[in-house]
Chemist: 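Sharing a structure here in structure tokens format.
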Amino acid sequence: LLYCTESQFDRLIFGDPYLYDRYVGVLERTIAFVTEERFTKALQTGKDLLYPLLDRDSVRQANVEFRDWAPNAVTRDDFVAGIEGESTRVITALRDNRARLTQSIANYRMQHR
């Protein structure tokens, strides 16, 4: 369930059954809190704030962060399409990661109870 065990802190959590169980509990509560609905609502709020700003040429030209999502974007609609595509990808990743982590937690719980 740990993403990596590269840092000393990660190794400490991974190596201590009590700390790891606490980590799993926090992860489980986090997954329960960050629902797809809650995440999608927060994402939409951000898009609602951002999209009107994309009406300005200066804002579109300054947004180099979006170039990965919309490398050929010029117009507002180009940027919106890129952002919507990235939003769909992120929500799908959230759904997939939640399912994978939920199953991993269930497996862990079955082995350690």
Chemist: Which heavy atom in Phe79 sits nearest to a heavy atom in Val74, and how many Å separate them?
Modeler: CE1-O, 3.9 Å

Chemist: What distance do Asp77 atom CG and Glu84 atom CD have between them, rounded to the nearest 0.5 Å?
Modeler: 11.0 Å

Chemist: Atom CZ in Phe39, atom CZ in Arg95: separation rounded to 0.5 Å?
Modeler: 11.5 Å

Chemist: Where is the tightest heavy-atom contact between Val34 and Arg98, given as atom of each residue plus distance?
Modeler: O-NH1, 2.8 Å

Chemist: Would you say CZ of Arg56 has more than 12 non-hydrogen atoms from neighbouring residues, nucleotides or ligands within 6.0 angstrom?
Modeler: no

Chemist: Using the side chain to side chain contact (heavy atoms under 4.5 Å, CB included) definition, which of the options Asp57, Leu54, Leu53 pairs with Arg76?
Modeler: Leu54

Chemist: Regarding Thr45 and Asp48, is there a side-chain donor-to-acceptor distance under 3.5 Å anywhere?
Modeler: no

Chemist: Begin from the C-alpha positions of Lys47 and Gln44 and carry the test side chain to side chain contact (heavy atoms under 4.5 Å, CB included) through to its verdict.
Modeler: CA-CA 5 Å; Lys47 291 188 295 187; Gln44 187 61 52; 3.5 Å; yes

Chemist: Would you say Asp21 and His112 make side-chain contact, with heavy atoms under 4.5 Å?
Modeler: no

Chemist: Checking Asn107 against Gln111: is there a side-chain donor and acceptor pair closer than 3.5 Å?
Modeler: no

Chemist: In terms of hydrophobic clustering (I, L, V, M, F, W, Y; side-chain heavy atoms under 4.5 Å; direct or indirect links), are Val90 and Ile83 co-clustered?
Modeler: no

Chemist: Can you tell me how far CD1 of Ile91 sits from CD of Glu86, rounded to the nearest 0.5 angstrom?
Modeler: 10.5 Å

Chemist: Indicate yes or no for a side-chain donor-acceptor contact from Arg22 to the backbone of Tyr18 under 3.5 Å, with no hydrogens or angles considered.
Modeler: no

Chemist: Drop me the distance from Leu94's CG to Leu43's CG, to the nearest 0.5 angstrom.
Modeler: 10.0 Å

Chemist: Taking all atoms of both residues into account, what is the closest heavy-atom pair of Ala70 and Gly82, and its distance?
Modeler: CB-CA, 3.9 Å

Chemist: Within this structure, what is the CD1-CG distance for the pair Ile105 and Leu27, rounded to the nearest 0.5 Å?
Modeler: 4.0 Å

Chemist: Between Val24 and Arg109, what is the shortest heavy-atom contact and its length?
Modeler: CG1-NH2, 3.6 Å

Chemist: Rounded to the nearest 0.5 Å, how far apart are CG of Leu12 and CG of Leu19?
Modeler: 5.5 Å

Chemist: Donor-acceptor pair, distance only, cut-off 3.5 Å: does the side chain of Asp96 make one with the backbone of Ala93?
Modeler: no

